[in-house]
Every structure is written in C-alpha cells, then in structure tokens.
Amino acid sequence: MTMDAMLVRAGQMQRYYTRETVVGDGRRPARMPLKKAQEQAGVPATRWMGRGLGALGLVAGEEVAEEQLRQLFGEGGQHPDAERLVAERLAAGDSPKVARRAGALGRRLKVVGFDFVFRPQPTTYLLWALGDETSRLVIEAAHGRAIERVLEWIEDHVAVIRFGKDGVYRVRPPGGLVAARLRHESRAGMPLLHDHVLLSVKGQRLDGKWGSVHSEVLFENTVAAALCSETVAVEVCERLGLATEPRTVTAGRPPVMQLAGIPHEQASPAPAGQAEVGSLRGHFGTPFGTH
C-alpha cells in the first residue's frame, strides 16, 4: 500500500473537500445535500474513525454529517457538533461569549488537519478493478484493516501535542485522535480504490485541554506508517491463493513486491481520455479470476 499526506487548511474544506472529495473527486451539484450527492455519485458515506471520538461524544463507524465536517475541518478546528452545543448553552441562558466555549476545542487554527490518501499497490488495485466479486471483497477488507492499523500506529507511536512556550513540551494524546474516512473507487476516469483519511489536528491532553498535533513529526513518519500496511498483499494472497514476486517499478530503485501474474504497467491511472477500462479488460478478459 502507498500513502500520500498533505496539510488541510480551513478554507480548503469548503472550496475543495465538500465540493469534490466527498463525492469521489467528482463535482458536487450546487445546493445538493451531502448524503444525496454521495448516493448519486455511488460513493459510500463518510465515516468516523479514531480512538479520540469518545471525548467528543462520537462513535467510530458512524456517518459524518456535512455540518460536522465543516465545523471540525472548516471552522478552525471546532467541535463537530459545535452548532448544537452552542445553541443548547444559549437556550440555557449563557451569554454568547460563554456559549461559544462549549463548541471550542482550544484556539482556532489555520491548519486544521491532514489528508492521508491510501491506495493498494498497482497490481492489487488492478485485481480489485477487474477481478471477480470475491477478489473485490477480500481486497477491500484487507485495505480497510490496513488503514485502521496505520491510524492506530500513529496514535500510539507518532502523534504528539506541543504546548508551552515555543512548543517545548510534547505529550501523546492519551485518548487517541479523530479522523473522517472517505472511500473512493476511481480517479481520472480509471478504476482506482483509494481512501482519504482526514485526520484532525486537534488532540486532547491529560489535563483535558485541547492542543495541536505536531505536523512535522507526522510527515517525518509517513514512510514508516505506510510500512504498517504491507500486510495487505499477504492477506490477499492467503485468502485468494495468490503469490507475490519482486518487480522493478522505477529504474534505479529497489524492486517492490507485486501480485504475480498481473502486469503492473497496466495499473497506472492515466489522465481522463488516455485510457479506458475496456482496453484493460480486453487484455485480461472480464473478469480475470483467482485461479
């Protein structure tokens, strides 16, 4: 599995993520509700993940509402249910200033999170795209478990919250982190299984205060984090009776393990219009199986 990482800034949530990413990198029709847009695009609902959800009253696997995405990633890092929490405090008689604290997770930030994009190795996602239903389900399950392992590893061994003058103090968020996972099944007109995991920059310290996860430490460990997911190919091979073999994908670099019998040259997503799924199916047959 490969993993790319980038910063998410507050303004990007409205300009990019809620317009395109949430509907599979397509273009969301104006004023269409998120749930309807995802159903129309044929992409699964966005789901919560991470051990830090409990501190926010959320549960892993629950569907993420658009307003929750906007608050956590588009409003400088507010509580996902900030709008409801503030309204409840106002109804209880609190002043607007006091009520706003109920929806705050520390101070507002310009960098609100990280976008980790996970995708299987080329021959694995090609088998997912053109194989039979059993192959697809096995690969999707292995892919999902690998993402969970990577997030757990980041929570346990990588993420630190900086605080104090110049961030001199560093602690791990004891309750874990909060993330929203978006499943995509195509890119640039080609079938490509990949997931966006939007990881909130917010983390809670032992004293209950909310701080920011140190971005440099996360980026320094992206390669190591990706190695936690190398069991995808092993699991796929065990479940489907396949094997792996070393392949030279990039000249001058060490070989990488790919599924045997599937040419990785056919697996690179091309810009829209340059390659068609049909041409690949013509090469392999429809579908090619696991025998």
Side-chain angles (χ1 to χ4, degrees), residues 1-6 8 17 21-22 24 38 43-65 68-69 72-73 80 113-122 124-125 127-128 134-161 172-185 187 192-204 213-215 217-240 244 257 259:
M1 177 182 282
T2 60
M3 185 181 82
D4 300 320
M6 64 190 76
V8 179
Y17 286 96
T21 308
V22 294
Q38 289 182 321
V43 299
T46 306
R47 302 284 177 183
W48 289 116
M49 64 185 304
R51 294 201 300 262
L53 291 167
L56 301 177
L58 302 171
V59 178
E62 283 186 341
E63 187 172 334
V64 182
Q68 291 177 319
L69 273 178
L72 185 59
F73 295 103
F114 313 90
D115 180 5
F116 294 105
V117 183
F118 297 86
R119 60 182 182 275
Q121 293 288 357
T124 304
Y125 68 66
L127 175 60
W128 169 85
T134 298
S135 300
R136 289 176 64 89
L137 293 176
V138 167
I139 291 170
E140 288 177 6
H143 177 72
R145 281 189 283 271
I147 292 173
E148 292 172 358
R149 283 193 293 270
V150 170
L151 181 56
E152 289 170 358
W153 184 78
I154 290 174
E155 289 176 316
D156 292 336
H157 303 289
V158 178
V160 293
I161 300 171
R172 298 217 183 280
L177 301 173
V178 175
R181 176 180 169 188
L182 300 87
R183 163 65 54 84
H184 291 177
E185 297 186 350
R187 177 178 286 172
L192 174 59
L193 175 66
H194 63 288
D195 283 61
H196 290 260
V197 174
L198 301 180
L199 180 66
S200 173
V201 74
K202 294 291 186 174
Q204 193 174 36
V213 175
H214 189 15
S215 60
V217 173
L218 276 182
F219 285 116
E220 287 170 357
N221 285 274
T222 52
V223 174
L227 292 176
C228 292
S229 65
E230 288 303 301
T231 56
V232 172
V234 175
E235 183 175 340
V236 169
C237 288
E238 289 179 349
R239 294 285 305 277
L240 299 179
T244 58
M257 299 305 292
L259 296 182

Quiz item: From His214 NE2 over to Phe219 CZ, what is the distance, rounded to the nearest 0.5 angstrom?
Solution: 11.5 Å
Self-check item: Tyr17 side chain near Val8 side chain, heavy-atom distance below 4.5 Å
Solution: yes
Practice problem: Would you indicate whether the side-chain heavy atoms of Arg181 and Val64 approach each other to under 4.5 Å? | Solution: no
Quiz item: When you look at Leu259 and Thr244, which way does the side chain to side chain contact (heavy atoms under 4.5 Å, CB included) test go after all the steps?
Solution: CA-CA 4 Å; Leu259 296 182; Thr244 58; 4.2 Å; yes
Exercise. Determine, step by step, whether Asp115 and Thr21 satisfy the side chain to side chain contact (heavy atoms under 4.5 Å, CB included) criterion, reporting the C-alpha distance in whole Å, the side-chain angles of both residues, the deciding distance to 0.1 Å, and the verdict.
Key: CA-CA 11 Å; Asp115 180 5; Thr21 308; 5.6 Å; no
Quiz item: Hey, does Leu199 have a side-chain heavy atom less than 4.5 Å from the side chain of Leu151?
Solution: yes
Quiz item: Say you draw a straight line from CG of Leu53 to CD of Glu62; how long is it, rounded to the nearest 0.5 Å?
Solution: 8.5 Å
Exercise. Indicate yes or no: at least one non-hydrogen side-chain atom of Arg183 is less than 4.5 angstrom from one of Leu193.
Key: yes
Quiz item: Residues two or more places apart in sequence or in another chain: which of them pass side-chain contact (heavy atoms from CB on, under 4.5 Å) with Pro173?
Solution: Ala159, Ile161, Leu177
Exercise. Measure the shortest side-chain to side-chain distance between His143 and Thr124 over non-hydrogen atoms and say whether it is less than 4.5 angstrom.
Key: no
Quiz item: With a 4.0 Å cut-off, would you call Arg51 and Asp156 a salt bridge?
Solution: yes
Quiz item: Rounded to the nearest 0.5 Å, how far apart are CG of Leu182 and CG of Leu69?
Solution: 7.0 Å
Quiz prompt | Contacts of Glu63 that satisfy side chain to side chain donor-acceptor pair (under 3.5 Å) - sequence neighbours left out | solution = Lys35
Exercise. Step by step, work out the side chain to side chain contact (heavy atoms under 4.5 Å, CB included) result for Ile154 and Leu218.
Key: CA-CA 8 Å; Ile154 290 174; Leu218 276 182; 3.5 Å; yes
Exercise. To the nearest 0.5 angstrom, please state how far the CG atom of Leu240 sits from the CG atom of Leu127.
Key: 6.5 Å
Exercise. Go through the structure and list residues passing salt bridge (charged side-chain N to carboxylate O under 4.0 Å, His left out) with Arg239, not counting sequence neighbours.
Key: none
Self-check item: Heavy-atom side-chain contact between Ile147 and Met49 under 4.5 Å
Solution: yes
Quiz item: Say you draw a straight line from CH2 of Trp128 to CG of Leu192; how long is it, rounded to the nearest 0.5 Å?
Solution: 7.5 Å
Practice problem: Check whether any side-chain heavy atom of Val178 lies under 4.5 Å from a side-chain heavy atom of Trp48, and answer yes or no. | Solution: yes
Quiz item: Is a donor on one side and an acceptor on the other found under 3.5 Å between the side chain of Arg172 and the backbone of Glu155?
Solution: no
Quiz prompt | Distance in Å, Gln38 CD paired with Thr46 OG1, rounded so as to fall on 0.5 Å steps | solution = 4.0 Å
Quiz item: Would you say the side chain of Ser215 lies within less than 4.5 Å of the side chain of Val201, judging by non-hydrogen atoms?
Solution: no
